[in-house]
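Just so it is clear: chains get the letters A, B, ... in the order the sequence lines come, proteins before strands, and each one is counted from 1. Since this is a predicted model, take the numbers as computed values, not measurements.
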Amino acid sequence: MNDITRMLNAALPDDPDPSGWAAGARRRSAARRTGRAAAVVALVAAVVVPLGYLASRGPDIAVPAGTPSGSPSAPSVASTQPVGPPTQAPVVPAGENPCAAIRAESREGALQFTPFDGDLPDGALRAWLCGDPNQGYDTVGGPAEPLTEGVDQLVTAFNALEPLPQDIACTQEYRLTYVVVVDYPDGSKRLRGELHGCGVVSDGERLFSGGEGFLDTLLGLWEQQRAGRESPTEAPEVCPPLSTLLAASPDDIVAGYVCATYYDEVRVQDELPGDLAARIAAAMGEGVGGEAPWPWLAGGDAIVLADGWGSVITVEVLADGGFAVQNGWLTEPVAWAPSAELAAELQALLGSGASPTP
Amino acid sequence: MTFDQFVTVRGRSLWRAAFLLTGDRHKAEDLVQTALAKAYPKYAGEDGRFEAYLRTTMYHTYLSWWRRKWNAESPTAVLPERPGDLPDPGLSVDVLRALATLPRMQRSVLVLRYFEDRPVTEVAQLLGISEGTVKSYAHRGCEAMRASVHLTQRDEATT
């Protein structure tokens with residue numbers, strides 16, 4: 001038995017009493033099947049809704065192109081370009097999004113950073129923000145589009161970070177690592193930022209303070225760029241919902257899905273019927289409470305609202321029958337109490353709100 | 001063996017792994033119960049395959065669960081209460097804190113390799129990663145645990 005095995009065994013408390021777990025599993029399993037059946041019925045009903053009715057709901061919700069259910073692999077929002085032309089041509093030709101390659105490198109233990117001397121130079125063409133390469137199954141993503149406006153501000157922000165000693169000791173629990181790729185005419189430079197430990201930014205060798213602040217700056221630059229552009233009218237695939245670093249705007253929601261994930265089965269993405277996505281988005285300004293209480297119920301099933309940039313708002317069922325809403329990875333889930341009528345529609349799609357514990 | 005009997009016999013074992021993954025008794029129970037609910041429809045009497053399927057479901061649920069709360073777990077007053085062979089109850093908290101500094105995939109590899117004693121090939125298949133990645137994550141995870149401030153300060157204090 002090696003030292004790690006001894007440590008792990010030494011960390012265990014008394015075992016719990018598993019009585020009730022089997023019954024609870026049967027109840028939750030039945031609730032999942034009931035919810036899925038109701039969703040199928042709702043979708044069948046939605047097919048016969050006249051197109052004229054959909055058009056009359058207003059211009060702010062576009063019915064996306066049919067998304068095939070049963071996709072065999074997890075689509076990566078961070079590597080999918082938003083559909084729909086921006087209002088202005090990019091300043092430079094769009095490069096290839098490096099985030100999928102970075103996640104692949106990390107999974108193979110081969111994520112490379114090339115340290116450089118001095119400041120980030122002027123003349124950067126664009127930048128990419130990649131979500132956490134360390135989380136399982138790509139659960140946190142950055143914006144799908146590159147930053148092409150305000151890249152000089154990104155460079156200035158990095159060059160203003162204070163250096164840290166190499167031997168600094170850091171203890172905070174793991175939260176998030178992000179990667180920034182800055183493209184120049186003659187190549188790219190990678191930076192890594194962390195929200196845990198000492199919250200550093202690094203070029204792979206040198207350490208600088210301000211991982212959280214630098215991320216705030218980056219997100220602000222992307223929000224500024226998006227504010228100056230028309231939001232795409234079609235959302236990229238969002239099931240499973242890649243929790244994004246940039247929050248979605250309820251006013252820019254263009255698609256809604258019931259997203260159900262199963263271990264060895266395909267991830268199922270069913271479009272919300274009719275105008276339900278728009279009604280959920282509109283209702284989110286009301287009935288929002290404090291931090292959502294643990295535990296959630298669905299364990300993988302969620303209603304996902306997506307804007308054209310691929311940012312998502314997720315709605316899950318709480319054990320007490322209420323709902324938890326999360327908009328972007330950096331915000332805590334909050335409790336949400338929609339109207340009784342809307343709640344009934346959501347319950348039908350997500351399954352019973354009964355607690356799984358006896 | 002009925003499903004109820006299976007859960008009685010094997011549930012605690014899965015919970016221990018879930019506890020090391022989540023660092024919290026209640027989250028561990030929720031994780032196990034979520035996996036049980038997902039896997040239950042496939043139960044047709046236990047012949048070894050259902051438990052393997054259930055274990056895989058549990059780890060996949062843990063890795064793909066996107067709730068931020070699970071990233072911010074911070075074990076506090078969790079003290080092992082097993083009698084006999086624990087001279088240092090505070091070690092539990094320090095080990096859990098050290099584990100909490102690891103990304104989820106590294107944590108999963110460590111629990112599978114060094115707590116569940118699964119071979120590299122099985123860990124790779126279960127997590128859907130290459131054997132090279134398993135070895136890489138195991139190496140990095142072990143190094144990180146051994147170098148963790150939570151554990152090295154404890155060593156310095158006792159010497």
Looking at every heavy atom in both [X] and [Y], which two are closest together, and how far apart are they?
X	Y	value
B:Gln33	A:Gly24	OE1-CA, 4.5 Å
B:Leu20	A:Leu8	CD2-O, 3.7 Å
B:Arg12	A:Pro16	NE-O, 3.3 Å
B:Ser92	A:Ala10	CB-O, 3.9 Å
B:Phe3	A:Arg26	CD2-NH1, 3.7 Å

For this session: Can you spot which of B:Thr8, B:Leu36, B:Leu14 makes a side chain to side chain contact (heavy atoms under 4.5 Å, CB included) with A:Trp21?
Result: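 Answer after filtering B:Thr8, B:Leu36, B:Leu14: B:Leu36.
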Exercise. Which residues satisfy the side chain to side chain donor-acceptor pair (under 3.5 Å) test with A:Glu212, sequence neighbours excluded?
Worked result: none
Let me know if [X] has heavy atoms under 4.5 Å from chain A in its side chain, its backbone, both or neither.
X	answer
B:Val7	both
B:Leu102	backbone
B:Val32	side chain

Exercise. Is there a side-chain contact between A:Met7 and B:Asp94 (heavy atoms, below 4.5 Å)?
Worked result: no
For this session: Quick one: pull up CG in A:Asp3 and CZ in B:Arg146 and give me the separation to the nearest 0.5 Å.
Result: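 Output value for this atom pair is 4.0 Å.
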For this session: Kindly state each residue pair satisfying salt bridge (charged side-chain N to carboxylate O under 4.0 Å, His left out) with at least one member in residues 117-138 of chain B, sequence neighbours excluded.
Result: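 Residue pairs with at least one partner in residues 117-138 of chain B: B:Glu116-B:Arg118, B:Arg118-B:Glu122.
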Problem set entry | A:Thr5 side chain to B:Tyr114 backbone, donor-acceptor under 3.5 Å | yes
